[in-house]
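First the structure, in the form of structure tokens, and then the observations on it.
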Amino acid sequence: MIKNARKIAGFMLLGAVGAYVLTAGAQSVLYWQARTGVEEDLKVSAHLMLERASDATQSAIDLLNQLAQNSGLSCTGDHRYLYSKAARSTAWVDTIGLVDRNGNLVCTDMGQSARQSGLLPIYQPDSKEISLSLSGGADPDQVLSLLVVRHLNNGRRLVARVPGELIKIDPVRNDLRRFRIAMLSLGSGVPWYLLEPIETGGDIVSRVHEASEFMPYEVSISLTETALDAVTQGARKIINVFGVLLGLFALVGAYFMGRYRPDEGDKILEALDNGEFVPYMQPIVDLDTGAISGCEILSRWNKPDGSVVPPHEFIPLAQNYSMTREVTFHIMEETRDLVDVLMESKPDFKVAFNIFSRQLVDDTIVADIREVFKDSKLSFENLIFEVSDRVPIDDIALAQDVISQIQALGSEIALDDVGSGHSGLYNLTSFGVNILKIDKMIVDTLNESVGGQELVRGLIGLADRLNIGVIAEGIETEDQVMQLRKMGVSAAQGYLFAPPMPASAFIELFLASKARKSTTDAEAPEVPSELAA
């Protein structure tokens, strides 16, 4: 925690470097966004080119199919009138003609004077009913026309011409048009028309290739690095200006860092250093013998002014500032040192710790458990780690792995708050827990209705079938104890037995309870002076 301004120079350097990195990062993000946006625009343009060619082709095919319904089509005046009428019915087709089996054009809608030899290949029996081809004129700069061919019979074919100038379109947006290379192809590698760039330079950085779903058309559009430089030029200048301003703000901010005031996260760290976080212990009682078999550890924040901050207030702070690991580690260390004295008189004494859901997706909790208890009288087998069902777990698979590692140490996992959480029964079977803790909310239903009793009995029965232990929480009446014992529950905790209490008070209670249960005349061991309240 920074308490003076001696590190201002370092923060100023860090701020300047940070401003540079952010500016460079913003430039990279801008370039990436521009490239992504350009590629999306090119895809739209490619679809428009495909759609125009496909619509024109389908229109010509439909015309020829309608004409083919007339039998015996020839070059008579009536039939040429049909061809002319069909051609005038759409904007895509300018001429319809009849071709013989040798591929010679014998007439068109404009008359027999339009005869042309070798317009199409010689008819083959295995030829498709509909075929497409490209036809050029005398002018090499003229866009090729599309010939849509429909077979009639005996090799005779109807042909509709779609002028290439009607199909040619440049839908690429204006600021990219002078850099783009676009080509519409009929089939693979047979170009219909090509749109060449005005400005060239740089490597190709964006390329899209789209194909028609129903027609044999493909469109390829690409842009060079020069295009992206051009479209991002204005934004890059703005980012550079903001980068300079950010650097200045960073320098000013570094100065004020010397006047840093601790936030709530720093206060938690300071409280940990000062030992203000202490473990409170609530007994877990064996209902068959009345003996204390273990305890649950509950954290309290005892401030220097004498006030006590309860968990529901400081736990959200610890989670927000990512300090749950530090708090848990400190509480485990404090508990280990305090309950060592109990292990000599009760080696099977159980100590339950609450762990946060975030710690189940970070296996550092396993390393912390090993570190704290590796040389302790409180062995791994004496430990229970409680996972609350009230907070959802994001990564179930990783949580299962962390739980398995904890269990491999010899410790047990308890599912806490069962009945008041969001997915208790699912977590019960997913995590392979050892203990089910029935929430006070469910225990309270024992005295309210038969349905409540059946609910508790059902949870106990499920735990029994899964070979899982049961601890009932929130016990406040002797009637609850009697009902739970009849149902087979042998462990419980609650205010009927004792509330959460400081460690010294709990140890005094435990030793006094053990002395009362002793069948010998030996005196109960005294509470160590260092633990006396």
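In this chain, numbering begins with 1 at the start of the sequence shown. Everything numeric in this text was worked out from a predicted model, so none of it was measured.
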I'd like a table of donor-acceptor pairs (distance under 3.5 Å, sequence neighbours excluded) in which one partner is a side-chain atom from residues 460-475, with atom names and distances.
residue : atom : partner : partner atom : Å
E473    : OE2  : K437    : NZ           : 3.4

The complete set of salt bridge (Lys or Arg N to Asp or Glu O under 4.0 Å) pairs with one or both residues in residues 273-286, sequence neighbours excluded, reads none
### Query
Should D444 and Q480 count as side-chain neighbours, where that means a heavy-atom distance under 4.5 Å?
yes
For residues 365-372, which side-chain N or O atoms pair as donor and acceptor with protein atoms under 3.5 Å away, sequence neighbours left out?
residue : atom : partner : partner atom : Å
D368    : OD1  : R325    : NE           : 3.4
D368    : OD1  : R325    : NH2          : 2.9
D368    : OD2  : R325    : NE           : 2.8

* So does K43 pair up with E39, basic N to acidic O under 4.0 Å? -> no
Between [X] (side chain) and [Y] (backbone), is there a donor-acceptor pair under 3.5 Å?
X    : Y    : value
K486 : V481 : no
S513 : L509 : no
S307 : K303 : no
Q407 : G432 : yes
S293 : I284 : yes
R177 : V172 : yes

Shortest non-hydrogen contact from [X] toward [Y]:
X    : Y    : answer
Q493 : P283 : CB-O, 3.1 Å
V327 : A318 : CG2-CB, 4.3 Å
E412 : N434 : CA-OD1, 3.3 Å
A46  : I221 : N-CD1, 3.8 Å

Residues in side-chain contact (heavy atoms from CB on, under 4.5 Å) contact with [X], at least two apart in sequence or another chain:
X    : value
S404 : none
Q483 : L446, N447, Q453, D479
M343 : F349, K377, L378, N382

Qualifying residues under side chain to side chain donor-acceptor pair (under 3.5 Å), relative to [X], sequence neighbours excluded:
X    : value
E454 : R457
E218 : H209
D375 : none
D395 : none

For F179, the ring-ring contact (aromatic ring centres under 6.0 Å, His included) test, sequence neighbours excluded, returns none
Contacts satisfying ring-ring contact (aromatic ring centres under 6.0 Å, His included) that involve residues 280-301 (not counting sequence neighbours) are F277-W301
